[in-house]
Amino acid sequence: MNDRRTDMIALKASLLVEGVRATGEALSGVGTDFKEQNHGLFGWDLEDHPGMVLPDDFVLPGGTVVQFRMSSSSPYLVRSGEEGLFLERDSRPICEVAWIERPRFYDRELEAGKKMVQVGQIGGEDCLFFCYQNYCSHFARGKQCRFCNLVTTSQTYDSVLRKKEAEAIGKVAAAAWAEGMVNHVLLTGGCFSHEREIGVVEDILAAIRRRRGVDRVPGVVLPSPARGDDIKRYHDTGIQAIGYSLEIWDEPLYRAICPGKSEKTSHSEFLRAIEKAVELFGAGNVYGVLVMGLEPKATFLEGVRALTGMGANVVPFVWSPNPGSDLAGHRAPSGEWFAETVREAAEITLEGSLPPGTENHCYRCDGNNLLHDALREQGVV
Ligand code: SF4
């Protein structure tokens, strides 16, 4: 196998947009020894697979983490060989791969009939993810973001609790950290009134801090855009970083792809929130979240440049058409396009000389984002 000559960023990008399959033998141990998908928020596969246990993500040589996006027609296949798992494309071997160990806390009971995995899940190798409420009001009016499948994912898998209590989140965080796997948290909720949301996040962070015995929690909260003094209240919860999901940089395209969200929050409101958040959290501890692959390279890179210039790091999730979203059946750009574009984004980020913020979010957290990998290629870890 030619590990050394493989461009891992291009390979990861292709796996994310073309999907992947695995043989039954390769899947042995997924859900018991290895971490399985639990659909805590969106369904990222290229097709639904209720009743089938699949890996959440896997690791390429050199430590690159890739989300497992199932596609039964993908040219990529994970097989089991004498020396472990390996990945092939069109029957030609590419490299060895490894599933990720399953956290022990997943099976612990919170109370009768409720397991910890229904509250929090590990993203990648070290990020403890909580969606504090799987709900978004834009769906009821048909104004959901065109790439989003939050509601159908919840209906198809019904695998997590839709609403999680702060104390349950605190208990799961304490158990997960005690296992030694977690380095940071990622918290988000679907769509809230901002007054209610800040109260929910305050209670959650208080529970995590109390149960862990710490003052500050490494990680990121991704709330709806805060107004007035809310950003200070988020900072005072003890979370170390905050992010805002602008989704699409080009504003007319943002309005077309995110009709409900853009009615509630304009780009200029997002940018005001980011500016204020940088003042309070510090440069590098604020994130602008973009969906990569739905807008031209030029406007995407313009967004990376503008956000970096404001002191915010960028998390660009790799878009592929998810089942249940309005864009199901469409095609994402090629893996090569993603690899080339994200390397240019990394150069822009490096020119900005921001603190990388890796104590709050790192390349091991994200199987669905390539920017950390492109920065790691340039020595930023
Ligand atoms: S705001 Fe958009 S991306 Fe977020 S949950 Fe609602 S529809 Fe989905």
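One-based numbering, in listed order, for ligands and for the atoms of each.
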Checking the side chain of Q118 only, and the main-chain atoms of K115 only, is there a donor and an acceptor separated by less than 3.5 Å?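 Here the side-chain-to-backbone pair exists.
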Under 4.0 Å, heavy atoms only, figure out whether ligand 1 is touched by the backbone of C145, its side chain, both or neither.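 Both the backbone and the side chain of C145 come within reach of ligand 1.
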Of all the atoms in ligand 1, which lie at a distance below 4.0 Å from a heavy atom belonging to F139?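 In order of number, 7 (S).
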Give a yes or no on whether D90 atom CG has more than 12 heavy-atom contacts from other residues, nucleotides or ligands under 6.0 Å away.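 Result for CG/D90: enclosed.
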May I ask you to check if any N/O/S atom from H138 comes under 2.8 Å of atom 8 (Fe) of ligand 1?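 It does not: H138 brings no N, O or S atom closer than 2.8 Å to atom 8 (Fe) of ligand 1.
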Using side chain to side chain contact (heavy atoms under 4.5 Å, CB included), reason through L354 and N313 one step at a time and then give a plain yes or no. CA-CA 8 Å; L354 282 184; N313 278 307; 3.7 Å; yes
Going by distance alone, is a donor N or O of one side chain under 3.5 Å from an acceptor N or O of the other, for S325 and R146?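 The criterion, which ignores hydrogens and geometry beyond distance, is not satisfied for R146 and S325.
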